[in-house]
2 protein chains.
Amino acid sequence: MDIRTLCLGVLTLHDSTGYEIKKMCQEGALCHFLEASFGSIYPALNKMCEEGLVTFRSESQEKRPDKKIYSITDKGRDVFQKSLLIDPLEDKYRSDFLFISLFAHLLDKEHMKRLIDQQIEYYRQRVKELKRSMSETQSPGAQFVSGFGEVTTKTIIDYLEQQRDLIEQASCLNNETEDA
Amino acid sequence: MDIRTLCLGVLTLHDSTGYEIKKMCQEGALCHFLEASFGSIYPALNKMCEEGLVTFRSESQEKRPDKKIYSITDKGRDVFQKSLLIDPLEDKYRSDFLFISLFAHLLDKEHMKRLIDQQIEYYRQRVKELKRSMSETQSPGAQFVSGFGEVTTKTIIDYLEQQRDLIEQASCLNNETEDA
DNA sequence: GTACCATATATCGAAGTGATATATACTTCA
DNA sequence: TGAAGTATATATCACTTCGATATATGGTAC
């Protein structure tokens, strides 16, 4: 799924500026699986404008740069509809945290605990965010995606808490053994 | 976490060829969060060789291209150890499937069910793979990472099965209503 | 008052993917 | 029997995308 398709998808939901598309990828119920940078969004919108998949109207703002509000065209909707039918690529989960964890034996136990705590904190924030945005009225698709995010996030938090406790217990046992 | 660090990490576990590093990213317990292409692995190994972080010995094979078996140097270990201490980037989950699901209202109900079934099948394979590789002796770090993969994958399967049933029921109800 | 954040667009170097090339042997299937 | 596909192995290249930076301005936090 390339950035062009991502932009078209957002524009089927409502007109947006490039800036707003980027924000959608960072916050709200969808942030956990969408991603795009300005460096790809703006060129994609410009290119699709030339190709007639989107149009824009400029809105001048006082003391701010002009907004370019993009809308999807009929041609754009056709292209988007077709791209939804392409076989989806495999899901991927990328995690520096898991990579580092693989080498836990090279790290201080306290450092590992701190990493897990950070991770737990981060995922708790995400659950809050998801709950907040799920309470807003959403399409069945968005409900499905948010629900997916919620159950996976909760599972991760449970797993991390449980593993953190195991490390804690192990180090207590170690201390007792050393004391004895 | 860049590809250089990924390669160094693998090489702290055992000497490898570029081809073997790539395979590690595709199968086994680690495949669910590691990723790298040949186009990044080979240049990274070459560069790090120049910089003295890795060395290699050539092994000529009958009727096959020579193997370049890479080993990490002490300097390489130092660099790797330090890169483990860098603050991990946020985890990201990228999914064409979830993106498409967001636009379920634009798709045929049967198409959606087929997509979910494919997804369930794919994750079932992953659980099998994870179980198989977890039974092999592994470091605590690898156990932790595999466990993470297992609980999240199982949660996803449960969620998808449950949602699939809901769609099924909804369409039954629709049919009855239409019949009435 | 100074640093930082939010709004808004845009560009650019660096990193990485996915496809392809090259070479060879084994397996699968019609 | 032969064609297609898979597996081993390295390498390169066009293209996509990221992350940082530039530009402009006002509000907020400390």
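Computed from heavy atoms alone, side chains included, the values below leave out hydrogens, waters and symmetry copies.
For the 3.5 Å distance criterion, the side chains of T155(B) and D158(B) fail to qualify, holding no donor opposite an acceptor.
Residues of residues 12-25 of chain A having a heavy atom closer than 4.0 Å to DNA chain C, listed by number: T17(A), G18(A), Y19(A), K23(A). Contacts between residues 86-102 of chain A and DNA chain C, defined by a heavy-atom separation under 4.0 Å, are absent. Listed by residue number, the members of residues 27-40 of chain A with any heavy atom below 4.0 angstrom from DNA chain D are E35(A), A36(A), S37(A), G39(A), S40(A).
For S101(A) against V145(B), the heavy-atom pair with the smallest separation is CB-CG2, 4.1 Å.
Checked by atom type and distance alone, the side chain of Y159(B) pairs as donor or acceptor with a backbone atom of F144(A) at under 3.5 Å. Formation of a donor-acceptor pair under 3.5 Å by the K113(B) side chain with backbone atoms of R164(B) is not found in this model. Although no hydrogens or angles enter the test, the distance criterion places no donor-acceptor pair under 3.5 Å between the side chain of D15(B) and the main chain of S71(B). At least one donor-acceptor pair closer than 3.5 Å links the side chain of T73(A) to the backbone N or O of L53(A).
Considering only side-chain N and O atoms, K67(B) lies under 4.0 angstrom from the phosphate OP1 or OP2 of dA9(D).
The CD atom of Q26(A) sits 14 Å away from the P atom of dA8(C) (whole-angstrom rounding). Rounded to a whole Å, the CG atom of L6(B) is 15 Å from the P atom of dA15(C). One can place NZ of K47(A) at 11 Å from C1' of dC15(D), the figure rounded to the nearest angstrom. Y42(A) has its OH atom 15 Å from the C1' atom of dG19(D), to the nearest Å. Taking atom CZ on R4(B) and atom C1' on dA14(C), their separation rounds to 13 Å, with Å as the unit. If you take CE of M1(A) and C1' of dT17(D), they are 16 Å apart, rounded to a whole angstrom. One atom, CG of L45(B), and another, P of dA9(D), lie 15 Å apart when rounded to the nearest Å. Look at NZ on K68(A): it is 9 Å from C1' on dA10(C), rounded to the nearest Å.
Across the interface with DNA chain D, nearest-nucleotide mapping of D2(A) and I69(B) shows I69(B) to be the residue nearer the 5′ end. Residue order along DNA chain D, read from the 5' end via each residue's closest nucleotide, puts Y70(B) first among Y70(B) and I3(A).
Between F33(A) and F148(A), the distance separating the two ring centers is not shorter than 6.0 angstrom.
Here the CD atom belonging to E161(A) is positioned 7.5 Å from the CG atom belonging to D165(A), to the nearest 0.5 angstrom. Separation of atoms OG1 (T17(B)) and OH (Y70(B)) is listed at 9.5 Å; rounding is to 0.5 Å. The structure places CD1 of I69(A) at 11.5 Å from CG of L11(A), a figure rounded to the nearest 0.5 Å.
Taking a cutoff of 4.0 Å between a charged side-chain nitrogen and a carboxylate oxygen, R126(B) and E90(A) do not qualify as a salt bridge.
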